[in-house]
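In what follows, a structure is listed as structure tokens, so that the remarks can point back to it.
FYI, the numbering just counts along the sequence from 1.
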Amino acid sequence: MDYQVHFAPLQGYTDAIYREVHAAVFGGVTAYYTPFVRLEKEGFRNKELRDIVPERNREVPLVPQLIAATPDEFRRIAALFREQGYRQADINMGCPFPMQARLHRGSGILPYKEEREALLNTVNEFPDMKFSVKLRLGWQCADESLALLPCINSLPLTYVTLHPRLGIQQYKGTIDKEGFARFYKECKHPLFYNGDLNSLEDIHQVTDAYPLLKGIMLGRGLLSHPWLATEYVTGSKMDDSVKKAKLISFHEMLSERYRACLEGGDHQILAKLKTLWDYLLPDAEKRLRKKVLKSNNLVTYQLAVKELL
């Protein structure tokens, strides 16, 4: 069976430039997601509006993602997507960050039966759009997602993505394989697996265990090893020399694109590029990674990256 590979959104990392450059250099991804768009008291954030404009996203298969606590928030964000020309969107019910969860957004809405079902049922108000849902097993217990499953199964969703952790775990602790298996058996929509997929071996363990999956969603694993999707799709590991050449091209293209669009000068460009190394090549020599992260200007940064690569 051919599985799809989706690239999970991560705030501060997978912006429009990153998505486009990754698609151009590494590829292997069926769908990229925007970091979630939220509605604040003053309206939409300019940063998020800029990230979803179609002109900046023509080169990648993009799905905008929304996060909301109420049907009204959902309506306003979905209407924004529709105005921008999108006819597909993803509903975030998995974000574990406390600042969103305490507002009953992301996985923070999962303990509240009436709220979570009212939010999801809003998809019926947008018959001209397709929706998917990304969620966790729950905020405090895995039964929360299972209790929501009848509602999920009743809706015209294109697919569901499940991360088998609780919101209170954030990204720590072990995944709950039993919880995922229970959801997998009862979910009537195409299902994607997300969570702790950092190698081909990790992916194959999941796809072997759950043969009815529609695909997988990679997040931190793909930020760390940006060739992983292509390796999985092609069925073979990328040659080290090819990998090195692609990494150099990847970094050069990102540097050029960020330099062209960031208006805060070298300091802002350097800060943005250094965020790549929060995840990229975690197994690289620590001494060389440290030189990259401690560089205080673009010249020393580029020299440190050249040495590392």
Checklist entry - Does the pair R58 and E20 meet the rule for a salt bridge (charged side-chain N to carboxylate O under 4.0 Å, His left out), with working shown? => result CA-CA 9 Å; R58 299 207 187 278; E20 190 170 70; over 6 Å; no
Next on the checklist: Run T275 and D278 through side-chain hydrogen bond (donor to acceptor under 3.5 Å, both in side chains) and show every step you take.
Outcome noted: CA-CA 5 Å; T275 63; D278 289 347; 5.5 Å; no
Parallel, tilted or perpendicular: ring planes of [X] versus [Y], cut at 30 and 60 degrees:
X    : Y    : answer
F74  : F131 : tilted
F180 : Y184 : parallel
H22  : Y32  : perpendicular

Would you say that [X] contacts [Y] through its side chain, given a criterion of any heavy-atom pair below 4.5 Å between the two side chains?
X    : Y    : value
W139 : L166 : no
E48  : I52  : no
D283 : H225 : yes
Y210 : L191 : no
P9   : D90  : no
V37  : I67  : no
L137 : P164 : yes
L273 : I269 : yes

Are more than 12 heavy atoms, taken from residues, nucleotides or ligands other than [X], located less than 6.0 Å from that residue's [atom1] atom?
X    : atom1 : value
E263 : CD    : no
H204 : NE2   : yes
K243 : NZ    : yes
E178 : CD    : no
R76  : CZ    : no
E55  : CD    : yes

Would [X] and [Y] pass as an ion pair if we require N to O under 4.0 Å?
X    : Y    : answer
R50  : D15  : no
E201 : K237 : yes
K113 : E117 : yes

Of all heavy-atom pairs between [X] and [Y], which one has the smallest distance, and what is that distance?
X    : Y    : result
N194 : A8   : ND2-CB, 4.5 Å
R19  : N57  : NH2-OD1, 2.8 Å
L155 : N121 : CD2-OD1, 3.4 Å
A89  : M129 : CB-CE, 4.2 Å
C187 : L149 : N-CD2, 3.9 Å
G27  : A229 : O-CB, 3.9 Å

Backbone N/O of [Y] and side chain of [X]: donor-acceptor pair under 3.5 Å:
X    : Y    : result
R259 : L254 : no
D51  : K47  : no
T14  : L10  : yes
T30  : V5   : yes
R165 : G173 : yes
S145 : A142 : yes
T122 : L119 : yes
K130 : Q88  : no
S107 : C95  : yes
Q169 : K172 : yes

Next on the checklist: Run H6 and Y159 through ring pair (Phe, Tyr, Trp, His ring centres under 6.0 Å) and show every step you take.
Outcome noted: CA-CA 12 Å; H6 290 186; Y159 51 85; 5.3 Å; yes
Are [Y] and [X] co-members of a hydrophobic cluster defined by side-chain heavy atoms under 4.5 Å apart?
X    : Y    : answer
V123 : V63  : no
L288 : V299 : no
L162 : Y33  : no
L103 : I91  : no
L303 : V305 : no

Checklist outcome for this item: side-chain hydrogen bond (donor to acceptor under 3.5 Å, both in side chains) test vs N92 passes for just one of Q65, R105, K134, namely Q65
Next on the checklist: Using the ring centroid of each side chain, check whether Y13 and Y279 are separated by less than 6.0 Å.
Outcome noted: yes
Next on the checklist: side-chain contact (heavy atoms from CB on, under 4.5 Å), that's the test. Do Y232 and L228 meet it? Break it down for me.
Outcome noted: CA-CA 6 Å; Y232 175 66; L228 183 56; 5.6 Å; no
Next on the checklist: Test side-chain hydrogen bond (donor to acceptor under 3.5 Å, both in side chains) on D72 and T70; report intermediate values, then the result.
Outcome noted: CA-CA 5 Å; D72 184 58; T70 65; 5.2 Å; no
Checklist entry - Would Q4 and K214 count as a side-chain contact (heavy atoms from CB on, under 4.5 Å) if you check the C-alpha gap in whole Å, the side-chain angles of each, and the deciding distance to 0.1 Å? => result CA-CA 7 Å; Q4 293 186 14; K214 177 68 172 178; 3.6 Å; yes
Checklist entry - For Y171, is the NZ or CZ atom of R136 found under 6.0 angstrom from the centre of its six-membered ring and inside 45 degrees of the ring axis? => result yes
Checklist entry - Centre of F126's six-membered ring, under 6.0 Å away, within 45 degrees of the axis: is that where NZ or CZ of R82 sits? => result no
Next on the checklist: Go through it in stages, so that I can follow the logic: the residues are L308 and W277, the test is side-chain contact (heavy atoms from CB on, under 4.5 Å), and I'd like the CA-CA distance, side-chain angles, deciding distance and then a yes or no.
Outcome noted: CA-CA 11 Å; L308 188 149; W277 301 95; 3.8 Å; yes
Item to check | ring pair (Phe, Tyr, Trp, His ring centres under 6.0 Å) assessment of F250 paired with Y18 | outcome: CA-CA 9 Å; F250 180 63; Y18 185 98; 5.6 Å; yes
Checklist entry - Who passes side-chain hydrogen bond (donor to acceptor under 3.5 Å, both in side chains) against E115, sequence neighbours left out? => result H104
Item to check | Step-by-step salt bridge (charged side-chain N to carboxylate O under 4.0 Å, His left out) determination, E40 to R45 | outcome: CA-CA 8 Å; E40 304 291 3; R45 304 201 318 168; 5.1 Å; no
Item to check | CA sep, side-chain torsions, deciding dist, call: L66, F36, side-chain contact (heavy atoms from CB on, under 4.5 Å) | outcome: CA-CA 5 Å; L66 66 86; F36 59 69; over 6 Å; no
